[in-house]
Amino acid sequence: MAGSVLEIKDLHVSIEDKEILKGVNLTIKSGEFHAVMGPNGTGKSTLASAIMGHPKYEVTSGSITLDGEDVLEMEVDERARAGLFLAMQYPSEISGVTNSDFLRSSINARREEGDEIPLMKFIKEMDEAMDFLEMDKNMAQRYLNEGFSGGEKKRNEILQLLMMKAEIGILDEIDSGLDIDALKVVAKGINRLRDENFGCLIITHYQRLLNYIEPDFVHVMMQGRVVKSGGSELSKRLEAEGYDWIKQELNIEDETINA
Amino acid sequence: MTVETKQPYNDEYISRFSSSRNEPEWMKDLRQQALSQSESLEMPKPDKTGIKNWDFDTYVHEAEGSKIDALDKLPASVAALIDADNAPNLYIQRNNSAAYLALDEKWSKQGVIFTDIFTALKQHADLVKRYYMKDAVSADEDRLTALHAALMNGGVFVYVPKNVVVDEPLQTIFWQEDDSVASFNHILIVAEANSSVTYVENSISHNADTATFANVVTEVIAEDNANVSYGAVDNFAAGTTVYAKRRGVAYRDARIDWAIGQMNDGNTISEHITHLVGDNSGSEAKSVVVGRGKQIQNFTTNIIHFGKNSVGNILSHGVMKEQASSVFNGIGKIEHGASKSDATQETRVLMLSQGARGDANPILLIDEDDVVAGHAASVGRVDPLQLYYLMSRGITKHEAERLIIHGFLAPVVNQLPIETVKNQLTQVIEGKVN
């Protein structure tokens, strides 16, 4: 099977007329795990939000395509149905909508009308995925993200990722605020998806997560661009030496988008 | 300026009406006195809502409805409210007539009364007299309430004796079959000490174009340590102007919890007050509203704390679309001496269109130092970030909005104890917001 390709070319993105991404190039193929690293304020989360179509971010130039289809022309829900999934850093809380109803609606949104997932099959899959992620079963009947702890929200994002069978997963700082045990569980969930039909973009500013999820490619963002790319050895060097050597090498003083 | 109502029913009519139903003398007196009071009393003055052009006068007061022999012969809109295989405690009023009544023997044996108001006036006159328009609502509060007392033409009486716990819901359906017939229904619920009861009511009419009037009074009395859970879905059609007064009185350690779906399509004034008289009494007053068309509505939810350690929670959620406009007054009042009381309220209004209007007025009136009180109020549109989140999972915008609205109205939907009533409310909401 050919798999999917997400291609980002010379992407410029603004929020409230302030340019944050200044020409990002990145290609993610099925079977590949990419990590985007970088200090705070360099545009990493903006990249994730722009790919998914967050209403506050405006793409001013450049392109994003999924298997040649213009992603920027699609509404947010169409992007999801095309195979993109974003595990969000700050998932919304939605009162009155149970986690399980939401999950089922999400799964059915990617299926044809008349081919909805049978209820028993759904429950079985959800139970299994929740067990795998060591989640409390009560969370299925709780309102979506309402009153969830930071760690519960992150696990819940991974639960959705496991069940929705996206082609390309984007994880926006999925490791922030997690203790080491929760981090291991989240990593276990992501690793489970690793196969030739799934590509992944992992955004983090800690090397820590990458101790549990080995990336095939590592990219460093500064000043709203990808300034350096390499293999997993790059993230190991970043952990050992920090970012200063890259700044020196590239003659960057202020790595943030304000520069 | 006050409204001149042209009351079409006079003293002679009322006397005849009362006699024809073999009412006790005190009831006839109460009606006649109320009618004479109505002439001098002022109209209600709902805050921030002008009612001088509302039609409170066009209606037919009396209309019979035939008996219902079998539940499977009901029209679909009524049948949908009932689980015909499991409705042991059900009262259906058709126009002004008691058309169907069932109460499981296990309750009647324990002295529980669940019957139409006219039968109650005949068979339990003293009991009704002790509570009817005494401690909760009085006839002279305003002109419309006096008219209610004068013209009461239907309703139900629920009485639960001391220590009896009724653990199945009692269900009432007020089915206004004729388009022009008025609903002057009176619901009187009395729960004696240490008793418990759950009551669920639907009002339904189909008079989209024919004008009529619903002037409904509900009184709930919860004696010491009694527990009353009251659920209602008001679903009067666009032609009905609604004046609904719901009042609860909770004595020591008693609870009255309300879950009310206000789904009327006509202009509505709803005034809902709970008196927490006794120490350690409590109430949750939850209501949800969907407004559409050119509807004008005014909702007041008020919990008044007299007893120490009394706890009152108000939750009002409204969805406004098209040109509908609504005022939501939430009032938590703590009287002097009600120390350690807790009054909280949350009023949220979701606007689905440019022309809709919503006005949330949270009010705390506190006359005691040692209390806890808080309120939250918001009027706004569907949160774009919530929409983004749902849509990022492939859910269409329309479906995402639907989920958010249903979630927003869930606090009342989920609390209704009868599955058919819950489903029916969900469908009504569906029909109104789409």
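By convention in this document, chain letters (A, B, ...) are assigned in the order of the sequence lines, proteins followed by strands, and residues within each chain are numbered from 1.
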| task | Inspect the surroundings of CD in B:Glu430 and state if more than 12 heavy atoms from other residues, nucleotides or ligands are less than 6.0 Å away. | result | yes
| field | Atom of B:Leu385, atom of A:Ser92 and distance for their closest heavy-atom approach | value | O-OG, 3.3 Å
| request: State whether the side chain of A:Arg79 and the backbone N or O of B:Gly394 hold a donor-acceptor pair below 3.5 Å, judged by distance alone. | output: no
| said: Rounded to the nearest 0.5 Å, what separates atom NZ in B:Lys397 from atom CD in A:Glu75? | reply: 8.0 Å
| message | Using a 6.0 Å cut-off, check whether atom CG of A:Asp70 has over 12 heavy atoms from anything other than its own residue. | response | yes
| request: Might you point out which heavy atoms bring B:Arg393 and A:Ser106 nearest each other, and give the distance in Å? | output: CB-OG, 3.3 Å
| Region of B:Asn414 in contact with chain A, defined by heavy-atom distances below 4.5 Å | side chain
| task | Indicate the atoms forming the closest heavy-atom contact of B:Pro384 with A:Pro55, along with that distance. | result | O-CG, 4.4 Å
| query | Which atoms of A:Leu144 come close to chain B, meaning under 4.5 Å heavy atom to heavy atom: side chain ones, backbone ones, both, or neither? | reply | side chain
| said: Are more than 12 heavy atoms, taken from residues, nucleotides or ligands other than A:Glu116, located less than 6.0 Å from that residue's CD atom? | reply: yes
| said: Which atoms of A:Met164 are under 4.5 Å from chain B, going by heavy atoms: the side chain, the backbone, both sets, or neither? | reply: side chain
| query | What are the two closest non-hydrogen atoms of B:Ile395 and A:Asp77, and how far apart are they? | reply | O-CB, 3.2 Å
| field | Crowding at CZ, B:Arg357 (>12 non-hydrogen neighbours, <6.0 Å) | value | no
| Side chain, backbone, both or neither: which part of A:Tyr90 has a non-hydrogen atom closer than 4.5 Å to chain B? | neither
| A:Met52 side, atom CE; B:Tyr389 side, atom OH - distance, nearest 0.5 Å | 11.5 Å
| task | Counting only heavy atoms closer than 4.5 Å, note whether A:Glu78 contacts chain B via side chain, backbone, both or neither. | result | neither
| field | Gap separating the CZ atom of B:Arg402 from the OG atom of A:Ser105, nearest 0.5 angstrom | value | 7.5 Å
| So what's closer than 4.5 Å to chain B heavy atoms on A:Asn108: side chain, backbone, both or neither? | neither
| message | If you compare all heavy atoms of B:Tyr388 against all heavy atoms of A:Gly53, which two are closest, and at what distance to 0.1 Å? | response | CE1-C, 3.7 Å
| Shortest non-hydrogen contact between B:Ser392 and A:Ala80, atoms and distance | O-CB, 3.3 Å
| Within 6.0 Å of NZ in B:Lys340, more than 12 heavy atoms from elsewhere | no
| message | Rounded to the nearest 0.5 Å, what separates atom CZ in B:Phe408 from atom CD1 in A:Ile94? | response | 13.5 Å
